[in-house]
**Q** 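One structure is given below, represented as structure tokens, and several questions about it will come after.
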Protein chains: 2
Amino acid sequence: MEKTIDKEKLPLCSGEYVLAVKDTMNVISGKWKLPIIGSLSYGVKRFKELEREIQKITPRMLSKELKELELNSIVKRTVHDTTPVTVEYELTPSGKKIKRVLDAMVAWGLEHRENVMG
Amino acid sequence: MEKTIDKEKLPLCSGEYVLAVKDTMNVISGKWKLPIIGSLSYGVKRFKELEREIQKITPRMLSKELKELELNSIVKRTVHDTTPVTVEYELTPSGKKIKRVLDAMVAWGLEHRENVMG
DNA sequence: CTGCATCCGAGGCGATACTG
DNA sequence: CAGTATCGCCTCGGATGCAG
């Protein structure tokens, strides 16, 4: 929690709310977080599967983003002691619930596009 | 609409939804968009008022962000022909409705924090 | 007051090659 | 398979100064 985003107060309302928004932004901002969450929303995936499904992502970025998502308790990583090792990634309960935020974003985005474009 | 965010497909679902999410992300991402929207959610404001209320923002960034928000039909800019000129900014109807997205973010953020911290 | 022009550093992200 | 290491670009955002 709290990484690049600073701690200045947004003049929105009470500090708790501002923190909550920042937490959420932290989880969904960046180029690859949402694609990864989206892919994992379909079920457990291995590293290579994610790399294949999320077009154009490099192992470096996939690794980095998964690590951050794990730190923030959005993704759970499981190592299976096979040969060679296999690693599975899945959304935590919290990770799954973020879909509600995405739904709100879709709803607003569609409505806004209609308002603007006519 | 559509600026720095590229047009790759997220493997979330249909293309419309993905576009809608990108539109929304475009409006709320960056360091100052949310603070500005938050401040304007309390009513019409002038440039200098915004600069005072949003701590640490520079005129350069305020100007830049307001311009983008205006381009995306989130903010309406009104010039009053006084001396010296005064300029007022306010949220468009669409801009006001984005509060629903923020609400979803607050709800998830609080719940997530509770889950994680215990 | 309301901005725009310029310069600059930090960090996000991509490309490529390599390891256990 | 599941990552790591290194390099380098490029955009975001801060600082400062100037203009209408």
Side-chain angles (χ1 to χ4, degrees), chain A residues 2-8 10 22 25-37 39-40 44-72 75-90, chain B residues 1-10 22 25-37 39-40 44-72 75-90:
Chain A
E2 250 37 89
K3 224 174 29 72
T4 53
I5 301 190
D6 55 18
K7 290 189 157 34
E8 313 294 341
L10 309 176
K22 283 183 179 176
M25 285 303 289
N26 221 319
V27 169
I28 65 180
S29 63
K31 187 170 179 180
W32 298 111
K33 301 278 176 53
L34 248 14
I36 290 172
I37 291 172
S39 185
L40 286 179
V44 180
K45 299 272 172 67
R46 311 217 335 236
F47 189 90
K48 201 64 175 180
E49 289 182 277
L50 287 169
E51 189 181 343
R52 265 191 304 267
E53 290 188 10
I54 304 171
Q55 295 172 12
K56 305 284 183 187
I57 195 172
T58 60
R60 170 180 137 75
M61 288 313 294
L62 183 54
S63 174
K64 191 161 103 34
E65 301 293 69
L66 283 170
K67 206 170 293 179
E68 286 180 27
L69 289 170
E70 196 193 351
L71 258 177
N72 289 353
V75 159
K76 177 159 162 282
R77 192 181 102 118
T78 312
V79 180
H80 297 277
D81 198 359
T82 56
T83 45
V85 293
T86 59
V87 181
E88 288 185 332
Y89 294 91
E90 62 189 311
Chain B
M1 225 67 58
E2 252 32 274
K3 223 177 27 72
T4 53
I5 300 190
D6 55 18
K7 291 190 157 35
E8 313 293 342
K9 273 199 173 182
L10 309 177
K22 284 183 179 176
M25 285 302 291
N26 223 319
V27 168
I28 65 179
S29 61
K31 188 170 179 180
W32 299 112
K33 302 275 175 56
L34 247 15
I36 291 171
I37 291 173
S39 184
L40 287 179
V44 181
K45 298 272 173 65
R46 311 218 334 239
F47 190 89
K48 201 64 177 181
E49 289 183 276
L50 287 170
E51 190 182 343
R52 265 191 304 267
E53 290 190 9
I54 305 172
Q55 296 172 10
K56 306 283 183 186
I57 195 172
T58 60
R60 169 181 136 74
M61 288 313 294
L62 183 53
S63 175
K64 192 162 101 35
E65 301 293 69
L66 282 170
K67 201 173 293 175
E68 286 179 29
L69 289 170
E70 194 192 354
L71 258 178
N72 288 355
V75 158
K76 178 158 162 281
R77 193 181 103 118
T78 312
V79 180
H80 297 276
D81 201 356
T82 56
T83 43
V85 291
T86 59
V87 182
E88 288 184 334
Y89 294 91
E90 63 189 310

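In what follows, chains are A, B, ... by sequence order, proteins preceding strands, each numbered from 1.
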**Q** Round to a whole Å and report the spacing from CD of A:Glu49 to P of D:dA2.
**A** 8 Å

**Q** Would A:Glu65 and A:Lys31 pass as an ion pair if we require N to O under 4.0 Å?
**A** no

**Q** Is it the case that the side chain of A:Ser63 and the backbone of A:Pro59 share a donor-acceptor pair, with hydrogens and angles ignored and the cut-off at 3.5 Å?
**A** no

**Q** Could you tell me whether the side chain of A:Phe47 reaches within less than 4.5 Å of the side chain of A:Leu66, counting heavy atoms only?
**A** yes

**Q** Please name the residue in the list B:Arg46, B:His80, B:Lys76 that meets the side chain to side chain donor-acceptor pair (under 3.5 Å) test with B:Glu88.
**A** B:His80

**Q** Rounded to the nearest angstrom, tell me the gap between atom NE2 in B:His80 and atom C1' in D:dG20.
**A** 19 Å

**Q** Starting at CD of A:Glu65 and ending at C1' of C:dG14, how long is that distance when rounded to a whole Å?
**A** 13 Å

**Q** Rounding to an integer number of Å, can you tell me how far B:Glu88 CD sits from C:dC1 P?
**A** 15 Å

**Q** A:Leu34 has an atom CG; how far is it from atom C1' of C:dC13, in whole Å?
**A** 17 Å

**Q** Output one line per pair: protein atom, nucleotide atom from nucleotides 4-6 of chain D, and distance, for all N/O pairs under 3.5 Å.
**A**
from: D:dT4; atom 1: OP1; to: A:Lys67; atom 2: NZ; distance (Å): 3.2
from: D:dT4; atom 1: OP2; to: A:Ser63; atom 2: OG; distance (Å): 2.7
from: D:dT4; atom 1: OP2; to: A:Lys67; atom 2: NZ; distance (Å): 3.4

**Q** Are any of A:Arg46's side-chain N or O atoms less than 4.0 Å away from OP1 or OP2 of D:dG3?
**A** no

**Q** Please determine, for the side chain of B:Trp32, which listed nucleotide (D:dG3, D:dG13, C:dG3) has the closest atom?
**A** D:dG13

**Q** Judged by each residue's nearest nucleotide on DNA chain C, which is more toward the 5′ side, A:Val85 or A:Ile57?
**A** A:Ile57

**Q** Out of D:dG14, D:dA2, C:dG3, which has the shortest distance to the side chain of B:Met61?
**A** D:dG14

**Q** Determine, for B:Glu51 against B:Lys48, whether the closest basic-nitrogen to carboxylate-oxygen distance falls under 4.0 angstrom.
**A** yes

**Q** Mind checking whether B:Val75 and B:Ile37 have side chains closer than 4.5 Å, heavy atoms only?
**A** no

**Q** Rounded to the Å, how far apart are B:Glu68 CD and C:dC4 P?
**A** 12 Å

**Q** For the CD1 atom of A:Ile54 and the CG atom of A:Leu40, what is their distance to the nearest 0.5 Å?
**A** 7.0 Å

**Q** Measure from CD on A:Glu53 to P on D:dA2 and round the result to the nearest Å.
**A** 13 Å

**Q** Taking C-beta and beyond as the side chain, do A:Lys33 and A:Val27 meet within less than 4.5 Å on heavy atoms?
**A** no

**Q** Is any side-chain N or O of B:Lys31 closer than 4.0 Å to OP1 or OP2 of D:dG13?
**A** no

**Q** If the helix axis at each end comes from five base pairs, how far does the helix from C:dC1-D:dG20 to C:dG20-D:dC1 deviate from straight, to 10°?
**A** 40°

**Q** Can a side chain N or O of B:Tyr89 be found less than 4.0 Å away from OP1 or OP2 on C:dG3?
**A** yes

**Q** Answer yes or no: is there an ion pair linking B:Arg52 with B:Glu49, defined by an N-O contact shorter than 4.0 Å?
**A** no

**Q** Please report the distance, rounded to the nearest Å, between CG in B:Leu62 and C1' in C:dG3.
**A** 10 Å

